[in-house]
Amino acid sequence: MIKKLLKNKKLWEILSNYLILFICVAGFRGGATLTLLFPALQVCLSWLHYSNSEKWQTVLMLEIHLLISTVLGLYLEGYLYLKYVYYDAEGVMVFYAVLTIGTILVFGLGVITTFTKYLSIKIHDRKQ
């Protein structure tokens with residue numbers, strides 16, 4: 001049964017979205033500088049969702065998982081950093097801004113990726 005789970009491609013696609021959450025919680029001592037890596041990772045994951053999925057509904061589901069992972073990860077990173085490393089008013093504002101920007105970025109990528117997949121499927125269907 002474990003071998004069957006390890007070979008499941010969809011399971012790995014979903015779990016790869018939660019890599020951001022893991023990085024945020026494991027590396028919260030890095031603060032906001034750690035989040036500079038996330039836009040590149042989010043773009044790569046969105047591209048993988050687009051290229052590896054056959055239906056636009058699958059892309060939408062994977063992008064929702066990425067959004068949940070990003071929002072939860074950035075929130076927990078800010079909370080843990082401010083609680084255990086250093087708390088000040090500027091840090092609160094920085095992490096609020098990082099959370100807002102990260103959420104908008106992932107939401108925008110999700111809309112663009114899902115809509116592009118939807119259009120590509122419709123165009124492909126019309127040609128046939």
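Everything numeric in this text was worked out from a predicted model, so none of it was measured.
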What pairs with [X] under side chain to side chain contact (heavy atoms under 4.5 Å, CB included), at least two apart in sequence or on another chain?
| X | result |
| --- | --- |
| Val98 | Ala32, Thr35, Leu74, Val94 |
| Leu76 | Leu21, Val25, Leu72 |
| Ile14 | Tyr18, Met61, Leu62, His65 |

Could you note down all residue pairs passing ring-ring contact (aromatic ring centres under 6.0 Å, His included) where [range] supplies at least one of them, sequence neighbours left out?
| range | answer |
| --- | --- |
| residues 108-128 | Trp56-Tyr118 |
| residues 25-48 | none |
| residues 83-111 | Tyr81-Phe95 |

Hey, are the side chains of [X] and [Y] touching, using non-hydrogen atoms and a 4.5 Å cut-off?
| X | Y | answer |
| --- | --- | --- |
| Val106 | Ile20 | no |
| Leu60 | Lys117 | no |
| Leu67 | Thr103 | yes |

Hphob cluster co-occupancy, [X] + [Y], side-chain heavy atoms under 4.5 angstrom:
| X | Y | answer |
| --- | --- | --- |
| Leu105 | Leu19 | no |
| Ile112 | Leu109 | no |
| Leu82 | Val85 | yes |

Could you pull out the closest heavy-atom pair between [X] and [Y], with the gap in Å?
| X | Y | answer |
| --- | --- | --- |
| Tyr50 | Val59 | CA-CG2, 4.3 Å |
| Cys24 | Gly73 | CB-O, 3.2 Å |
| Ser53 | Glu13 | OG-OE1, 4.2 Å |
| Lys55 | Ile121 | CA-CD1, 3.9 Å |

Side chain to side chain donor-acceptor pair (under 3.5 Å), paired with His49, selected from Thr114, Thr113, Asn17: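 When Thr114, Thr113, Asn17 are each tested with His49, the side chain to side chain donor-acceptor pair (under 3.5 Å) holds only for Asn17.
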